[in-house]
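From a predicted model like this one, the values you see are computed outputs, not experimental measurements. We name chains A, B, ... by the order of the sequence lines, and we start the count at 1 in each one.
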Amino acid sequence: MPDFTLPKTYDFKSTESRIYEMWEKSGYFKPKNDPNQPGFDPSIKTFVISIPPPNVTGELHLGHAMFVSMEDLMIRYHRMKGYATLWVPGSDHAGIATQLQVEKALAKEGTSREKIGREEFLKRTWQWNEKYGGIIYQQIRRLGASCDWERVRFTLDEGLSKSVREGFVRLYKKGLIYRGPRLINWSPGLKTAVSDLEVEYSQEPGTLYYFKYMVAGSQDEFIPVATTRPETILGDTAVCVHPEDDRYRKYIGQKVIVPILGREVPVIADAYVEREFGTGALKITPGHDQNDYEISQRHKLPMLSIMDESARINEHGGPYQGLDRFDCRKKIWEDMRSAGLVLKEEAYTLTVPRSQRGGEIIEPMISTQWFVHIQPLADAALEAVRDGRITIVPERFTKVYYNWLENIKDWCISRQLWWGHRVPVWYAPDGTMFCAHNEEEATQQARQQFGTDVHLEQDEDVLDTWFSSGLWPFSTLGWPDNTPDLGYFYPTAMMETGYDILFFWVARMIMMGLEFTGEVPFQTVYLHGLIRDEHGRKMSKSYGNVIDPLIVMDEMGTDALRFTLLVGSTPGNDMSLSVKKVESNRNFANKVWNAGRYVINAISQAPAQGNIDWSLADSWIWARLQTLVRDVERLFQNYQYGEAGRQIYEFFWNDFADWYVELAKLQLAEGGDRAYTTADTLIRVLDTSLRLLHPFTPYITEELWGYLKEAAPQGKEWGPALIVADWPMPLPEEDWETQKVADFSLMQEVVRVIRNLRAEKQVKPGQRTPAI
RNA sequence: GGGCGGGUAGCUCAGUCGGUUAGAGCACAUCCCUUACAAGGAUGGGGUCGCAGGUUCGAGUCCUGUUCCGCCCACCA
């Protein structure tokens, strides 16, 4: 006779690692139907998720905990429903983030990447990777993630690098990639280009400076101009007024004199100018302002760059050469004041472009970069959502997606970093470009043109990290090779991620998926919200309100954390999280444990044989359970995972533990068929509840289920583990259910009234027994 | 400037078919350490669902307007 006296409190610490190991060793994380194995059945339906790859050297935070919990829930649900489920894990090389970390470490040693050189730097970064790269995987495991660890991928792996080169070459050959000088966002600190998405605009107090643009050939005539950035005067190529502005119309076509430098530039007319703003006259700095750049293009004005890659004034800045842009701002304004060109200053709120990473002020600059001609890709990506091949949940983000793609600009994909996929283009000495999968291929091409002695140099730039992330759903399955995995598991089913990377990542995967595979990369996009603190504030280190999921798991268990994240959120909406919430769900886990403990112990002592004879309580709990199964199924179908979890919680605690288990004690005491039926009902209800709960709280349910199956009478086929047990099948509602629920509710009402009276009259327990 | 989300109990939030008396957790009050669970049990207090209209037999839920908060996008120097 086995011992079913379980500990009084659920000991998650010893349970979690043991259970996880059991799952992994038993191969439950691998798809049950594998195209690389004998006996493969292509007719079995798949459910595949590619994990949003965390930064390889990252540390687990609540955002990770959120998506891991959510995706594991989806995977476990589908696994139990019989799908061939595959969850592909992996990590991202995270170009800028990782490079910065290594550079920081180098700085501590008193050296720098420039000093040690590219090759040595990459070596160091790979070492860094080895050292810290595995940590995030261990942390994801702790969350209970049932991904197939034998299929783990890294964006800089040989396989994925091959995908990246293939993708680049294809786009290049199709004419969708080009290189050229354009006005881009430049990060002077990192000395690299960044994409539009990597720039954030913040409102900051500043000054609007009014000054005189003297008209050439005149002593005292001037056009008053206002600017927020006086240092850019050095790069002015025109002054622009509205074509119908009577104040300035007479100057159109004339020349004005650039302050300090004395260059002559034209006065041009463009309807872009707002007559009411400032002075109604706009200075044009095409080299350092997006709008001015566009106006210059329209008017065929020359480009003029006045800053170097550190945003210091260059040789075009005359006396200011070598000054930092902000020092120059002060200096030139002082000089202009001395020269009598200053009109006035006004307090003004600036819109300052700042780097999403690090927060330094971004400088728009003319620079030669690689771009993806994005319009054709965007059109296809729009169509895939419009015609329903891809569904976005919640639906409202569809509009956000359309709006972005409809106004998209070409994507700057080159970065002046070292850590990443190097642009697969080689140059002949005369600058001729050869785009190829590798140097050998490029050399072969070059030889046809330049003979055998040709020496090629590879482009120095690496690709935006999001370029490789954009290939993720299919590169991880083997693309461009036509692997069995790609054939069977692609397109994937679900892309689950935060709404904050809808543009960065989701849209790009859709564009590249359609372009390269001709198919959508996934059928559904599920966007979860961001996690905030208990007062709805962003979690940040400077606020000191960051909750560390690892500590929470240590103190209250993984199941409690998972349940909190899953049940506390609704699709697309931010959630606030507090330790108190996790505590209350830890309490729920303990409730499940103790109810399970009672049932397991009780059934091991109840009659193992008898006839079924349902009491009102038996019928009622069964009817309630069936309703629950139906509701959970409906809610899951609609991605209402949180609501489903709440309903299971309420059923388990209120209906099952508080009412049915209490009545079951009386029924078990009766013995005979009543006791047999009660035990049978206890087993069925607990079994089904554990199954429903398993995607939310996998550890405790697996542990209890193991005991339950041992304690239950022989005869039922249980299967090896809950993780691969069948999902409860919703049954159609039967006529008797409503009546039994109503009858039982009446009884509950009567009991409550009596208890209420006893409490109000302060009747001590056992003091009086009411006659009913 | 455009778009989106939110405003429901003291706090954090559910409420996705328009339908009994609007729910949960935490907090609060009273009683109870009854052999599943004190991380618990029982009972209770607490809401004009932001505001104003409208549709409807019936509105937290649908429509119009309005206000406050938050977010996203955008070229006003």
- Query: Can you give one letter per nucleotide of nucleotides 5-18 of chain B, 5' to 3': B if a protein heavy atom sits under 4.0 Å from the base, S if only from the sugar-phosphate, - if neither?
  - Reply: S------SSSSB--
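- Residue A657(A) is in base contact, counting any heavy-atom pair closer than 4.0 Å across all strands shown.
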- Structure string for RNA chain B in dot-bracket form, Watson-Crick and G-U at under 3.5 Å, | interchain: ((((((((.[[[[.)...(...]]]].(((((.......))))).....[[[[[..)....]]]]])))))))....
- Message: Show, in sequence, the C-alpha distance, side-chain angles and deciding distance for V592(A) and Y10(A), and conclude whether the side-chain contact (heavy atoms from CB on, under 4.5 Å) test is met.
- Response: CA-CA 9 Å; V592(A) 171; Y10(A) 168 53; over 6 Å; no
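- For the pair D270(A) and R298(A), the salt-bridge criterion is met [side-chain N within less than 4.0 Å of a carboxylate O].
- Base contact: T9(A) has a heavy atom under 4.0 Å from a base atom.
- Between F504(A) atom CZ and rC72(B) atom P the separation is 11 Å, expressed in whole Å.
- Each of rC72(B), rA39(B), rA36(B) was ranked by its minimum atom distance to the side chain of F503(A); first place goes to rC72(B).
- In this structure, D658(A) places its CG atom 12 Å from P of rA24(B), rounding to the nearest Å.
- For rU43(B) and rG70(B), the C1' atoms lie 40 Å apart once the distance is rounded to whole Å.
- One can place CD1 of I648(A) at 17 Å from C1' of rG25(B), the figure rounded to the nearest angstrom.
- Sequence order on RNA chain B of the closest nucleotides to V599(A) and R752(A) puts V599(A) first from the 5' end.
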If you look only at distance, which donor and acceptor atoms sit under 3.5 Å apart when one is on a side chain in residues 634-646 of chain A and the other is two or more places apart or in another chain?
from, atom 1, to, atom 2, distance (Å)
Q637(A), NE2, Y77(A), OH, 3.2
Q637(A), NE2, E633(A), OE2, 3.0
N638(A), ND2, R634(A), O, 3.1
Q640(A), NE2, N638(A), O, 3.3
E643(A), OE1, R646(A), NE, 3.0
E643(A), OE1, R646(A), NH2, 3.2
E643(A), OE2, Q647(A), NE2, 3.3
R646(A), NH1, V567(A), O, 2.4

Tabulate protein N/O versus nucleotide N/O from nucleotides 75-77 of chain B, keeping only pairs under 3.5 Å, one per line.
from, atom 1, to, atom 2, distance (Å)
rC75(B), O4', N291(A), OD1, 2.7
rC75(B), O4', N291(A), ND2, 3.4
rC75(B), O2', Y272(A), OH, 2.8
rC75(B), O2', N291(A), ND2, 2.9
rC75(B), N1, N291(A), OD1, 3.4
rA77(B), OP2, Y348(A), OH, 2.4
rA77(B), O2', A226(A), O, 2.8
rA77(B), N6, E274(A), O, 2.4
rA77(B), N6, F277(A), O, 3.1
rA77(B), N1, E274(A), N, 3.2

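- Base contact: K591(A) has a heavy atom under 4.0 Å from a base atom.
- R624(A) has no carboxylate O lying under 4.0 Å from a charged side-chain N of E650(A), or vice versa, which leaves the two without a salt bridge.
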Just distance, no hydrogens or angles: give the donor-acceptor pairs under 3.5 Å from side chains in residues 658-666 of chain A, sequence neighbours left out.
from, atom 1, to, atom 2, distance (Å)
Y660(A), OH, D618(A), OD1, 2.5
E662(A), OE1, K665(A), NZ, 3.3
E662(A), OE2, K665(A), NZ, 3.2

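- When the P atom is compared between rC69(B) and rC63(B), the two are found 24 Å apart, to the nearest whole Å.
- Along RNA chain B, the nucleotide nearest N407(A) and the nucleotide nearest G596(A) are compared for position; the residue whose nucleotide lies closer to the 5' end is G596(A).
- Taking 4.0 Å as the cut-off between side-chain N and carboxylate O, E16(A) and R562(A) do not count as a salt-bridged pair.
- The base of rA36(B) is paired with the side chain of K665(A) by a donor and an acceptor separated by under 3.5 Å.
- Spacing between atom OH of Y598(A) and atom C1' of rU34(B) amounts to 13 Å, rounded to whole angstrom units.
- You'll find that the side chain of R755(A) is closest to rA42(B), out of rA42(B), rA39(B), rA24(B).
- Distance noted for atom C1' between rG60(B) and rC28(B): 26 Å (whole Å).
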Pull out every protein N or O sitting under 3.5 Å from an N or O of nucleotides 1-3 of chain B, one pair per line with the distance.
from, atom 1, to, atom 2, distance (Å)
rG3(B), O3', K399(A), NZ, 3.3

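- Within 4.0 Å (heavy atoms only), Q637(A) reaches no atom of the nucleic acid at all.
- Here the P atom of nucleotide rU43(B) and the CG atom of N654(A) are 11 Å apart, to the nearest Å.
- If you measure from atom CD1 of I700(A) to atom P of rA36(B), you get 18 Å, rounded to the nearest angstrom.
- Looking at N573(A), its side chain never comes within 3.5 Å of a backbone N or O of S569(A) through a donor-acceptor pair.
- The CG-P distance, from N594(A) to rU34(B), rounds to 15 Å in whole Å.
- Looking at heavy-atom distances under 4.0 Å, E583(A) makes no contact with the nucleic acid at all.
- Separation of the P atoms belonging to rG41(B) and rA52(B) is 40 Å when rounded to the nearest angstrom.
- Look at OH on Y499(A): it is 6 Å from C1' on rC71(B), rounded to the nearest Å.
- Ring planes of Y707(A) and W593(A): perpendicular class, angle over 60° (limits at 30 and 60°).
- Contact annotation: K538(A) side-chain N/O to rG70(B) OP1/OP2 distance is not under 4.0 Å.
- At a threshold of 4.0 angstrom between heavy atoms, the contacts of S584(A) are confined to the sugar-phosphate backbone, with no base atom among them.
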